[in-house]
Amino acid sequence: MKDLTIVRYPHRGSAKAVKSALNLYFHSRARAARVLALSIVIWLIPPVGSASEALEQKFDGVVVPRQWVQVVPQVSGVVSRILFVPGQRVSKGDVLFEMDADDFAIDVRIAQSELDEARARLSLAQDAAARQARLLRQNATAQQLARQTEIEVEIARAKVANKDGTLAKAQLALSRTRVVAPLSGTIGRPHVAPGAFVEAIKDMVLAEIAQLDPMEVSFHVPYAERQRALDRAWTSDADEVFDKSTLSLELPSDRIYELSGKPEPHGEEIDQSTDVMTVWSVFPNPHNVLVPGLKVHVISHLADQTP
């Protein structure tokens with residue numbers, strides 16, 4: 001043994017000392033070998049959970065209405081009644097404003113009378129054509145006269161169709177004097193007062209309605225964090241990561257919002273100057289805890305993944 005130095009002692013206990021030294025040497029070598037083997041085994045076994053632990057990320061976000069619409073007049077007239085209060089929840093089709101309908105009702109009556117007259121003239125033309133047709137079969141009238149009465153029937157029928165359209169248009173205008181909610185949501189304050197004259201023009205807004213349940217939250221994700229989530233999910237498909245992720249909100253009070261949300265697939269937008277993505281998500285909001293413009297932290301939870 002080249003690495004073993006034997007020490008000779010000048011007394012009778014020398015052999016015993018050498019034997020003890022040998023035992024200590026081989027015991028130390030065996031112990032070192034066991035430690036080395038155990039270390040290799042520990043190194044080869046991955047730490048528990050390191051490849052499959054959940055990934056949690058936190059991003060800045062802001063609450064926005066899922067849908068938002070402006071209520072506009074479709075006919076010009078005077079507002080006679082407002083049938084809601086600001087902050088009220090309304091359903092699609094609820095009447096919000098009433099406009100003075102007298103002029104429109106008169107237009108309907110005129111159109112109806114003109115239609116009745118056109119139908120009467122059509123009836124007379126049909127009777128005349130039928131009489132000429134009988135006389136023509138008896139060779140008691142000229143064919144040209146019979147043909148003329150047939151043409152007069154077609155003209156009278158066209159006039160009926162025209163007056164029918166005029167009546168429908170007048171009825172539609174009358175119905176639009178009752179301004180209804182185009183969607184369900186929470187309505188803001190009215191932009192006009194009773195007695196105001198409004199016009200059916202592009203920039204005339206009577207009120208605004210926001211759909212607040214569910215609510216959307218937009219949040220900003222650095223591209224590197226997006227890639228981190230893809231790597232942890234062992235995929236290159238962002239939609240697959242969305243399917244495996246759940247979202248929670250940290251409110252400004254540091255309280256965690258009680259309802260979870262999901263990211264919306266295909267909703268990402270990237271700012272090429274910063275490599276930061278805007279992602280959209282949807283959260284239930286049955287009690288109006290989330291309000292438009294509220295700044296929150298979005299916490300993304302990616303479930304345990306195993307390759």
Transitive ILVMFWY side-chain link Ile82 to Val95, under 4.5 Å:
no
Where is the tightest heavy-atom contact between Val282 and Pro214, given as atom of each residue plus distance?
CG1-CB, 3.6 Å
Nearest heavy-atom pair of Glu199 and Ser76: which atoms, and what distance?
CA-OG, 3.3 Å
Does atom CD (Gln143) have a neighbourhood of more than 12 heavy atoms from anything else shown, all under 6.0 Å?
no
Hey, are the side chains of Ile270 and Met277 touching, using non-hydrogen atoms and a 4.5 Å cut-off?
yes
Ignoring hydrogens and geometry, is there a side-chain-to-backbone donor-acceptor pair from Gln88 to Val85 under 3.5 Å?
yes
Minimum heavy-atom separation for Asn288 and Val291, please, with both atom names.
O-CG1, 3.9 Å
Under 3.5 Å: donor-acceptor pair, side chain of Lys262, backbone of Ser245
yes
Is the shortest heavy-atom distance from the side chain of Leu290 to the side chain of Leu212 under 4.5 Å?
no
Just checking Arg89: does its CZ atom have more than 12 heavy atoms from other residues, nucleotides or ligands closer to it than 6.0 angstrom?
yes
Should Leu96 and Met204 be regarded as members of a common hydrophobic cluster, given that ILVMFWY residues are connected when their side-chain heavy atoms come within less than 4.5 Å of each other, either directly or indirectly?
yes
Hey, any chance Leu251 and Phe219 share a hydrophobic cluster, counting ILVMFWY side chains that come within less than 4.5 Å of each other, even indirectly?
yes
For Tyr223, I'd like to know if atom OH has over 12 heavy atoms of other residues, nucleotides or ligands within 6.0 Å.
no
side-chain contact (heavy atoms from CB on, under 4.5 Å), that's the test. Do His191 and Glu208 meet it? Break it down for me.
CA-CA 9 Å; His191 294 182; Glu208 296 165 346; 3.9 Å; yes
Could you check whether any side-chain N or O of Gln57 sits under 3.5 Å from a backbone N or O of Glu225, counting only pairs where one atom can act as donor and the other as acceptor?
yes
Decide yes or no for Ser300 and Leu247: does some side-chain heavy atom of the first lie under 4.5 Å from some side-chain heavy atom of the second?
yes
Around Arg121, counting heavy atoms of other residues, nucleotides and ligands shown, do more than 12 lie under 6.0 Å from its CZ?
no
For atom CD of Glu56, decide whether the heavy atoms of other residues, nucleotides or ligands shown that lie under 6.0 angstrom number more than 12.
yes
List the steps, then state whether side-chain contact (heavy atoms from CB on, under 4.5 Å) holds for His301 with Ile299.
CA-CA 7 Å; His301 307 269; Ile299 304 173; 3.5 Å; yes
Step by step, would you call Asp100 with Thr177 a side-chain contact (heavy atoms from CB on, under 4.5 Å)?
CA-CA 7 Å; Asp100 190 343; Thr177 61; over 6 Å; no
Does Ala181 offer a backbone N or O that forms a donor-acceptor pair with the side chain of Asp94 under 3.5 Å?
no
Distance in Å, Arg109 CZ paired with Gln112 CD, rounded so as to fall on 0.5 Å steps:
11.5 Å
Hey, could you give me the CD/NE2 distance between Glu269 and His220, rounded to the nearest 0.5 Å?
10.5 Å
Starting from Val64, can I reach Leu183 by hopping between I/L/V/M/F/W/Y residues whose side chains sit under 4.5 Å apart?
no
Is there a donor-acceptor contact under 3.5 Å from the side chain of Asn285 to the main chain of Val289?
yes
Look up atom CD in Glu250 and atom NE2 in His297, then write down how far apart they are to the nearest 0.5 Å.
6.0 Å
Please determine whether residues Val279 and Phe283 belong to a single hydrophobic cluster, defined as Ile, Leu, Val, Met, Phe, Trp and Tyr linked transitively by side-chain heavy-atom distances below 4.5 Å.
yes
Would you indicate whether the side-chain heavy atoms of Ile110 and Thr166 approach each other to under 4.5 Å?
no
Taking side chain as C-beta onward, heavy atoms only, is Met215 less than 4.5 Å from Pro292?
yes
Going by distance alone, is a donor N or O of one side chain under 3.5 Å from an acceptor N or O of the other, for Glu240 and Thr235?
yes
Quick check for you: to the nearest 0.5 Å, what is the distance between Thr141 atom OG1 and Arg147 atom CZ?
14.5 Å
Nearest heavy-atom pair of Pro182 and Val69: which atoms, and what distance?
CG-CG1, 3.7 Å
Write down the atom of Val198, the atom of Val79, and the distance for their closest heavy-atom approach.
CG1-CG2, 4.0 Å
Any Lys163 side-chain heavy atom under 4.5 Å of Leu167 side chain
no
For a 4.5 angstrom cut-off between non-hydrogen side-chain atoms, does Leu115 reach Val160?
yes
Indicate yes or no: at least one non-hydrogen side-chain atom of Gln138 is less than 4.5 angstrom from one of Leu135.
yes
Within this structure, what is the CG-CD distance for the pair Leu249 and Glu258, rounded to the nearest 0.5 Å?
10.0 Å
For Ser184, does its backbone N or O pair with a side-chain atom of Ser91 as donor and acceptor, under 3.5 Å?
no
Exercise: identify the closest heavy-atom pair between Ala125 and Glu152:
CB-O, 3.9 Å
Could you check whether the rings of Phe84 and Phe97 sit parallel, tilted or perpendicular, using 30° and 60° as the cut-offs?
perpendicular
Between Val298 and Val217, is the side-chain contact (heavy atoms from CB on, under 4.5 Å) condition met? List the steps.
CA-CA 8 Å; Val298 179; Val217 177; 3.7 Å; yes
Could you state the interatomic distance from CD (Gln211) to NZ (Lys92), rounded to the nearest 0.5 Å?
11.0 Å
